[in-house]
Visitor: 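Please find one structure pasted underneath; my questions will follow.
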Amino acid sequence: MLLPLPPGDFQAYLFDCDGTITDSMPLHYRAWLDALAEWDCHFPEELFYAWGGRPVVDIVAELNLRQGLNMPVATVAERQETLFRAGLGTMRAVPGVLAHILQAHGRLPFAVVSGSTRESVIDSLTALDLLAHFPVLVCAGDYAEPKPAPEAYLTGARLLGVDPSKCLVFEDTELGVQAARAAGMAYVRVPPPWERLK
């Protein structure tokens, strides 16, 4: 089933990756729990979804701050990514988004704009056999200010050579929606897993 699109003459589609193209948020959360258990750190599921779109290193640093821990940020971030990638074989695409990708591929240019690392995005898209659909990848490290700042989406539009006002963003997080709005782009809000099951 196609997700409904806002009205507009769009010349490019920009997609978040985790939870938008890939139904990966439950897999990410499991990887977080396993990685953080090694440090006796707690990460409630509600907070995990509220922080959707934040870079992994920012999440570890914030958890350290909130829980008075001293987890090595890079080590924990790398461990979470390793555990996540180990489960990629079980991941599926989000059906309503996949339908738009297949319908518009070859007709409109696409970019992925993600807070995840380039390696994680490439592995996720490869697991779903979708990497070739996305010639432009904007990932953590490609911009200075993460979502909700508009920089990541503006970078995607620039790399595609499309005016931001002519771009349509697909996003599953509030931070991502705020980034799209700040970039002057229309957006489609992708429902979270528990709403898609209804």
Visitor: Taking only residues two or more places apart in sequence, or in another chain, which ones meet D163 in a salt bridge (Lys or Arg N to Asp or Glu O under 4.0 Å)?
Guide: none

Visitor: Could you tell me whether the side chain of V76 reaches within less than 4.5 Å of the side chain of W39, counting heavy atoms only?
Guide: yes

Visitor: Which distance, rounded to the nearest 0.5 Å, do you find between the CG of L88 and the CG of L27?
Guide: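 It comes to 6.0 Å.
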
Visitor: Sorted by first residue and then second, give each side chain to side chain donor-acceptor pair (under 3.5 Å) pair with at least one member in residues 86-112; sequence neighbours left out.
Guide: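 Found none.
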
Visitor: Does any part of the side chain of M71, heavy atoms only, come nearer than 4.5 Å to the side chain of E38, both counted from C-beta?
Guide: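 A side-chain contact is absent here, since even the closest heavy-atom pair is not under 4.5 Å.
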
Visitor: Taking the side chain from S120 and the backbone from S116, do they hold a donor-acceptor pair closer than 3.5 Å?
Guide: no

Visitor: Are F15 and F134 near enough that their ring centres are under 6.0 Å apart?
Guide: yes

Visitor: Supply the atom-to-atom distance K147 NZ to E174 CD, rounded to the nearest 0.5 angstrom.
Guide: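 One finds 12.5 Å between NZ of K147 and CD of E174.
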
Visitor: To the nearest 0.5 Å, what is the distance between CG on D123 and CG on L128?
Guide: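 It comes to 11.0 Å.
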
Visitor: Is D34 salt-bridged to R79, cutoff N-O under 4.0 Å?
Guide: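 R79 and D34: not salt-bridged.
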
Visitor: Tell me which one of S165, P150, P164 satisfies side-chain contact (heavy atoms from CB on, under 4.5 Å) with M185.
Guide: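 For M185, the side-chain contact (heavy atoms from CB on, under 4.5 Å) check succeeds only for P164.
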
Visitor: In terms of hydrophobic clusters joined by side-chain contacts under 4.5 Å, are L108 and L130 together?
Guide: yes

Visitor: So, the side chain of T20 versus the backbone of D172: is there a donor-acceptor pair under 3.5 Å, distance only?
Guide: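 At least one qualifying donor-acceptor pair exists.
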
Visitor: Is it true that atom CD of E78 has more than 12 heavy atoms of other residues, nucleotides or ligands lying nearer than 6.0 Å?
Guide: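 It does not: E78 CD has 12 such atoms or fewer within range.
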
Visitor: Assess the residue pair F110 and H133 against the criterion (ring-ring contact (aromatic ring centres under 6.0 Å, His included)); give the C-alpha distance rounded to whole Å, side-chain angles, the decisive distance to 0.1 Å, and a yes or no.
Guide: CA-CA 7 Å; F110 293 164; H133 290 63; 7.2 Å; no

Visitor: Minimum heavy-atom separation for C17 and V112, please, with both atom names.
Guide: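 In this case the closest contact between C17 and V112 is CB-CG1, 3.9 Å.
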
Visitor: Measuring from atom OG1 of T117 to atom CD1 of I122, what distance do you get when rounded to the nearest 0.5 angstrom?
Guide: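 T117 atom OG1 to I122 atom CD1 measures 8.5 Å (nearest 0.5 Å).
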
Visitor: So, taking the atom named CE in M91 and the one named CZ in R85, what distance separates them when rounded to the nearest 0.5 Å?
Guide: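 So the gap between those two atoms works out to 12.0 Å.
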
Visitor: How many angstroms lie between NE2 in H28 and CD1 in I59, if you round to the nearest 0.5 Å?
Guide: 9.0 Å

Visitor: Show the nearest heavy-atom pair for residues A152 and V138, with the distance to one decimal.
Guide: O-CG1, 3.8 Å

Visitor: Only one of I21, T173, V94 passes side-chain contact (heavy atoms from CB on, under 4.5 Å) with V190; say which it is.
Guide: V94

Visitor: Main chain of P109, side chain of Y13: is a donor-acceptor contact present, judged purely on distance under 3.5 Å?
Guide: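 Not a single qualifying donor-acceptor pair exists.
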
Visitor: Any side-chain heavy-atom pair from C167 and Q11 closer than 4.5 angstrom?
Guide: no

Visitor: Can you find a side-chain donor-acceptor pair between Y153 and E171 that sits under 3.5 Å?
Guide: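 Checked: Y153/E171 side chains pair up, N/O donor to acceptor below 3.5 Å.
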
Visitor: Work out which heavy atom in A157 is nearest to a heavy atom in L14; give both atom names and the distance.
Guide: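 Minimum heavy-atom contact is N-CD2, 4.0 Å.
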
Visitor: What residues, two or more places apart in sequence or in another chain, satisfy ring-ring contact (aromatic ring centres under 6.0 Å, His included) together with F43?
Guide: W32, F48, W51

Visitor: When clusters are formed by joining ILVMFWY residues with side-chain heavy atoms under 4.5 Å apart, either directly or through shared neighbours, do L125 and V169 land in the same one?
Guide: no

